[in-house]
> 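One structure follows; several queries about it will come next.
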Amino acid sequence: MSFFSTRGGACVTASQAVLWGLAGDGGLYVPSMYPQLSMDKISAFCQMSYQQVAERVLRSFLEDYAIAEIQESVQAAYGAPAFDDPAIAPLLRLDDNIHVLELFHGPTLAFKDIALKLLPYLVRLAAEKNEEKREISILVATSGDTGKAALEGFRDVPGTSCTVFYPVDGVSDLQKLQMTTTAGRNTRVIGVRGNFDDAQSGVKKLFADPAFRDRMDAMGRLPSSANSINFGRLVPQVAYYFTAYAAMVNRGALRMGQPLNFVVPTGNFGDILAGYYAMRMGLPVGRLICASNRNNVLSDFFTDGVYYTHRTFFQTMSPSMDILISSNLERLLYEIAERDGRIVKSWMELLKDCGSFSVGAQRLAVLQKTFAAGFADDTMTAAEIRRVFEHTGYLMDPHTAVGSHVLGEYRLHSGDHTPTVIVSTASPYKFARDVLVSLKGEAAAEGLDAFGCAARLSEVTQTPVPRQIEELKTLPVLHTAVCEKDGMEEALLEAFR
Ligand SMILES: *Cc1c(COP(=O)(O)O)cnc(C)c1O
């Protein structure tokens with residue numbers, strides 16, 4: 001299987017797509033076709049471990065990786081003690097019809113670990129296969145969770161380095177501490193005075209700048225990406241849509257072949273796109289429900305077909321979804337443009353020049369067959385955290401609560417009560433202050449730091465503080481660099497000195 005660019009150029013192997021991250025024309029790599037998994041094969045997943053399913057999914061896309069290489073990578077990525085649940089992505093029952101897929105059992109307590117524990121292995125193998133001798137210099141823009149997961153994944157991996165740019169005032173206290181306390185000879189963390197979109201555009205601009213590439217080359221470095229624009233980030237995420245389906249069948253909540261809906265808290269559109277890929281491979285998916293916070297550019301897009309970014313950017317209690325330019329949407333646009341890169345290119349040019357584009361009524365109708373969408377602001381999110389905890393005893397993080405709220409609205413308006421999985425993207429303890437305040441009001445968190453909030457949340461809910469949070473308390477802050485949004489290249493070169 002080869003990989004194309006969403007903007008029409010390129011025809012590369014899987015390992016090249018993983019190694020280079022972004023196509024030379026600024027597009028994203030997409031597979032030339034979707035490998036098909038028959039119902040028999042999907043049934044067989046019911047008897048397999050998470051690792052075995054992940055292997056099957058990866059093998060079907062990554063053709064120039066040997067089966068043994070994929071097996072070893074999967075075993076190394078998902079072994080204990082990195083993940084604190086042997087199921088890797090356990091499925092919990094909320095009621096007969098709604099289940100929660102917990103993707104936060106890795107080292108950084110957010111779903112990004114599932115892809116980023118594996119990606120470094122895929123990148124190293126890709127460098128070998130393509131006889132790349134330069135250091136693979138991973139550059140990451142993060143809205144909070146990718147940064148730490150990438151740092152953990154690439155820390156001390158030979159032949160690589162990892163530099164993270166994060167919005168200096170746009171992440172939670174614990175997210176910031178997680179990043180700035182990272183050890184490792186090859187890790188760098190730089191705060192950007194701006195929001196996530198500024199950081200992401202800055203990194204994308206560097207990738208597209210030949211002069212920057214030359215400067216890196218002169219230092220023996222090849223810039224690459226660990227953001228979900230990298231296909232190697234996306235493909236591990238496809239696996240958990242299959243395991244969730246199999247778990248639903250195994251517990252008798254679904255018959256094999258029956259459709260299952262997923263609601264996905266969405267920012268850069270990577271997670272939900274993985275669900276779309278699973279569907280295109282044959283998984284019986286009813287609807288993919290895209291849940292946004294107050295930065296509701298995507299729910300507007302799925303409602304009227306217009307993507308419009310000239311709007312106010314809000315900081316919310318679900319910061320990993322504070323995004324207006326959702327990179328992976330481009331991969332879906334490529335499909336609804338009948339895989340014609342010229343059309344995608346024209347939309348992306350409009351987006352860059354005018355801040356918006358429209359896909360038209362016919363294409364919107366195609367999208368709406370698969371996707372539904374909605375959003376929740378912070379008040380609705382807090383109310384949902386409280387409601388779910390009071391009704392079921394289940395504690396949700398703000399991102400997951402956005403999803404849960406949107407599911408409620410969707411069911412009310414559509415009458416569609418297909419069995420549904422809420423994709424839970426982070427541990428509530430990563431956002432302990434906001435979760436505590438949602439349950440008990442502002443006064444409960446008064447005078448408490450992030451760790452105090454976690455301890456209080458644990459008392460109030462009778463749930464344990466994850467060890468990943470406890471461990472942070474004693475670690476020294478090692479990274480303090482901050483730069484202006486126009487100064488990212490200088491800050492990076494400075495950090496390499
Ligand atoms: C990254 C992230 C999201 C958004 O995922 P995308 O793939 O960017 O859409 C949602 N929730 C949490 C907790 C995240 O870290």
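Order of listing sets the numbers, starting from 1, for every ligand and every atom in it. Here the structure is a predicted model, which is why all the values come from computation and not from measurement.
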> Distances only, to 0.1 Å: what are the N or O pairs between ligand 1 and the protein that fall under 3.5 Å?
from     : atom 1 : to     : atom 2 : distance (Å)
ligand 1 : 7 (O)  : Gly270 : N      : 3.1
ligand 1 : 7 (O)  : Asp271 : N      : 2.8
ligand 1 : 8 (O)  : Asn268 : N      : 2.7
ligand 1 : 9 (O)  : Gly267 : N      : 2.8
ligand 1 : 9 (O)  : Asn268 : N      : 3.2
ligand 1 : 9 (O)  : Phe269 : N      : 3.0
ligand 1 : 11 (N) : Thr425 : OG1    : 2.8
ligand 1 : 15 (O) : Lys112 : NZ     : 2.6
ligand 1 : 15 (O) : Asp145 : OD2    : 2.5

> Between Phe83 and Tyr50, does the ring centre distance come in under 6.0 Å?
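No, too far apart.
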
> May I ask you to say whether Arg467 pairs ionically with Glu470, meaning some side-chain N is under 4.0 Å from a carboxylate O?
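Not counted as a salt bridge, because no side-chain N and carboxylate O are separated by less than 4.0 Å.
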
> Going by distance alone, is a donor N or O of one side chain under 3.5 Å from an acceptor N or O of the other, for Asp271 and Tyr240?
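Yes, Tyr240 and Asp271 have a side-chain donor paired with an acceptor closer than 3.5 Å.
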
> Identify whether the distance between the nearest side-chain nitrogen and carboxylate oxygen of Glu384 and Arg387 falls below 4.0 Å.
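Looking at Glu384 and Arg387, the cut-off is met.
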
> Compute the centroid of each ring, for Tyr29 and then for Phe231, and state whether the two points are separated by less than 6.0 Å.
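No, the ring centres sit 6.0 Å or more apart.
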
> If only side-chain N and O atoms count, and only distance matters, is there a donor-acceptor pair under 3.5 Å linking Tyr276 with Arg331?
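Absent: no donor and acceptor within the cut-off.
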
